[in-house]
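So you know, we letter chains A, B, ... as the sequences are listed, proteins then strands, and number each from 1.
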Amino acid sequence: MSQRVKVKQILLDDKTNYEVTVKGWVRSFRNNQFIALNDGSTNNNLQVVIAQDSLDAALVKRITSGASISVTGEIIPSLGKGQKVELKAQSLEVLGDCDPEKYPLQLKNRPSLEYLREIAHLRFRTNTFGAIFRVRHTLAFAVHKFFNDRGFVYLHTPIITASDAEGAGEMFRVTTLDMKKPPLDESGNIDYKQDFFARSTNLTVSGQLEGELGAMAFGDIYTFGPTFRAENSNTARHLAEFWMIEPEMAFYELKDNMDLAEAFIKYVIGYALEHNREDLEFLAQRLEEEEKQKPQAERSELKLIDKLEFVLNNEFERLTYTEAIDILKNSKPNKNKKFNYLIEEWGADLQSEHERYLVEKHFKKPVILTDYPAAIKSFYMKQNDDGKTVRAMDILFPGIGEIVGGSQREENYDKLVARMQELHLPTEEMYWYLDTRRFGTAPHAGFGLGFERLVLFVTGMTNIRDVIAFPRTPGSADF
RNA sequence: UCCUCCUUAGCUCAGUUGGUUAGAGCAUCUGACUGUUAAUCAGAGGGUCGUUGGUUCAAGUCCAACAGGGGGAGCCA
């Protein structure tokens, strides 16, 4: 047997007249003669040609859609028109049969995304999900490359945490106590002192606070890990388990933070365009087909690749919350009372419809909003001198909404403690966090980026359940 | 959690005003085919119409509850 070569390599090399072994899964078998073979290295298939009567009829019967096979033969210039080269089979072995009567994935049926979600364990075998998850991989790799190239330290913040003060959302409890008969303390409450960690613990909702500890020593750190929110959110943009990227930088102010976030997003999108062009072109095609079903008014103005290049080549629009409120107040939908939530005064939280108006109608490009009212933002954000706003920044993307949320952090111990007390946060429990401000505090900033939302934007998919391998949502944790 | 729409063959969908034996394409099975490209051609099998209850002489069709899913909203990343 000759050396195994991946399909991607064979198609890329474009050489002929050499012997190879190829292993993969049958996508289709036509005319008892032509196998479209896919091995996951690329969305493109290798055409394997079987000479009539060269194989036993019983073996030919086993070449079914989904079966895994190993083929050895010669790569030759293709006699057909659909491809440059093809593999002329000399020997073929079926490694794993696939019973067509029972196989739930019949590609020629053009199964819907909703149906494929029900068979998520098999959906990687489709062109669409093959492309999505190769792009997801490339983006993840680019995340590490971007930060590594800039000297950031990849810090692994804990998955299990006792801290519940982030206020980022509802948490999943982690416990080994007997749920039927939990131990009780003197006042009749569950006695977590007897639990595994001798205290109440949860799955992390953010690595930011621990990230800040790292930034106060390494200067620049980032985290990239799973995050859990027990919110009962049923939308195409939320998951109970998702991956978040959270850089934290010492000696950064809000503007440095914005510059980094914008450069970061542009870098990873550019990296995917450069290294995953074919998959993105396939996804662009898919999106175009999908949009043909929609009425004209709902179709996107730019095709997927153009949209990504537009983001790369244009500055994100930067403005303050106060400026945004002025624009919204004077906007047509506000004056004509088309908004469900009308903008009347400063201080209101922006709803999705307002964010979408700013991004999709007014500026028609990514927008960075800064300096939000303190009342609608977290305790750790640096307070501005005006006494009412904080140095927060949100990056809003078309079709996605908030993709990044970040801020300069409050580095002043007294101001931070005062704010925590105002919000009734447990300052004693959070001693480790406050220690950063007590011992060698420094200006610092950071942001969080929801990885799946980035993948959504880059792949042009519209449901977040389609860009994570095994989505966890309320009422659903299959596979 | 709220609003809204959907649920008919393995998949994607038709199904008229409530009225005889619920249809199509693809998939599957059988056969044909030595250059196919979503292969093609001929034939066959395949249904508790999401579940439960109700209205009616009669329910895939009307009503209610529940379950699952889509879209939107809130919460957020």
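- Atom CD1 of A/Ile76 is separated from atom P of B/rG35 by 14 Å (rounded to the nearest Å).
- Checking B/rU36, B/rC29, B/rU12 against the side-chain heavy atoms of A/Gln83 singles out B/rU36 as nearest.
- Residue A/Asn32 places none of its side-chain N or O atoms closer than 4.0 Å to OP1 or OP2 of B/rC33.
- Rounded to whole Å, atom P of B/rC29 lies 13 Å from atom CZ of A/Phe29.
- Using a 4.0 Å heavy-atom cutoff across all strands shown, A/Lys102 reaches no nucleic acid atom at all.
- At the heavy-atom level, A/Ile400 lies nowhere under 4.0 Å from the strands shown.
- Using atom C1' as the reference point in both B/rC66 and B/rC6, the two lie 16 Å apart (nearest Å).
- Listed nucleotides B/rG72, B/rA73, B/rG10 differ in distance to A/Ala236; the shortest reach to its side chain belongs to B/rG72.
- No N or O donor and acceptor, one from the side chain of A/Asn463 and one from the base of B/rG70, sit under 3.5 Å apart.
- A/Arg465 has a side-chain polar atom (N or O) that falls below the 4.0 Å cut-off from OP1 or OP2 of B/rG70.
- Nearest nucleotide to the side chain of A/Gln351, out of B/rG74, B/rU36, B/rC76: B/rG74.
- Put simply, CG on A/Asn31 is 15 Å from C1' on B/rA38, counting in whole angstrom units.
- Spacing between atom CG of A/Asp99 and atom P of B/rC29 amounts to 8 Å, rounded to whole angstrom units.
- Contact annotation: side chain of A/Glu101 to base of B/rG45, donor-acceptor pair absent below 3.5 Å.
- Pair assignment for B/rU51: B/rA65, on the basis of Watson-Crick or G-U wobble contacts that are both within less than 3.5 Å.
- Side-chain atoms of A/Gln106 and base atoms of B/rU28 include no donor and acceptor less than 3.5 Å apart.
- Pairing for B/rA59 is absent, with no Watson-Crick or G-U wobble pair whose two atom distances lie under 3.5 Å.
- The partner of B/rG71, taking Watson-Crick or G-U wobble pairs whose two distances both stay under 3.5 Å, is B/rC3.
- Remark: P of B/rG72 and NE2 of A/His238 are 12 Å apart, rounded to the nearest angstrom.
- Across B/rG35, B/rC29, B/rG72, the shortest atom-to-atom separation from the side chain of A/Pro100 is found for B/rC29.
- Each of B/rG74, B/rU1, B/rG10 was ranked by its minimum atom distance to the side chain of A/Ser352; first place goes to B/rG74.
- Heavy atoms of A/Phe242 sit under 4.0 angstrom from at least one base atom.
- Note: NZ (A/Lys88) to P (B/rG35) measures 15 Å, nearest angstrom.
- A/Arg277 has a carboxylate O that lies under 4.0 Å from a charged side-chain N of A/Glu281, or vice versa, which qualifies the two as a salt bridge.
- Note: A/Leu328 CG to A/Leu342 CG = 11.0 Å, rounded to the nearest 0.5 Å.
- In this structure, A/Arg117 atom CZ and B/rG68 atom P are separated by 16 Å, rounded to whole Å.
- At least one side-chain nitrogen or oxygen of A/Arg356 sits closer than 4.0 Å to the OP1 or OP2 atom of B/rA73.
- Candidate nucleotides B/rA38, B/rU1, B/rG35 were compared by shortest atom distance to the side chain of A/Arg110, and B/rA38 ranks first.
- Pairing partner, B/rA32: B/rU40, with both Watson-Crick or wobble hydrogen-bond distances short of 3.5 Å.
- Residue whose closest nucleotide on RNA chain B sits further toward the 5' end, between A/Glu402 and A/Val49: A/Val49.
- Judged by atom type and distance alone, A/Glu114 does not reach the base of B/rU7 through any side-chain donor-acceptor pair under 3.5 Å.
- Between the side chain of A/Ser233 and the base of B/rC76, no donor-acceptor pair of N or O atoms lies under 3.5 Å.
- Checking the phosphate oxygens (OP1, OP2) of B/rG74, no side-chain nitrogen or oxygen of A/Thr235 falls inside 4.0 Å.
- Shown here is A/Phe141, whose CZ atom has no more than 12 heavy atoms of other residues, nucleotides or ligands within 6.0 Å.
- Aromatic rings of A/Phe133 and A/Phe124 (six-membered ring for Trp) have centroids within the 6.0 Å cut-off, being under it.
- To the nearest angstrom, C1' of B/rC33 lies 15 Å from CZ of A/Arg30.
- Two residues, A/Lys108 and A/Lys377, neighbour RNA chain B, and the one matched to the more 5' nucleotide by heavy-atom proximity is A/Lys108.
- Between atom CE of residue A/Met249 and atom CD of residue A/Gln408 there is a gap of 10.0 Å, rounded to the nearest 0.5 Å.
- Closest to the A/Pro111 side chain, of the nucleotides B/rG74, B/rC76, B/rC11, is B/rC11.
- Under the 4.5 Å side-chain criterion, counting only non-hydrogen atoms from C-beta, A/Lys145 is in contact with A/Tyr271.
- With both pairing distances under 3.5 Å, B/rG25 is matched to B/rC11 as a Watson-Crick or G-U wobble pair.
- In this structure, a donor-acceptor pair under 3.5 Å is absent between the side chains of A/Glu253 and A/Asn257.
- Ring geometry, A/Phe152 versus A/Phe147: the interplanar angle falls from 30° to 60°, so the pair is classed tilted.
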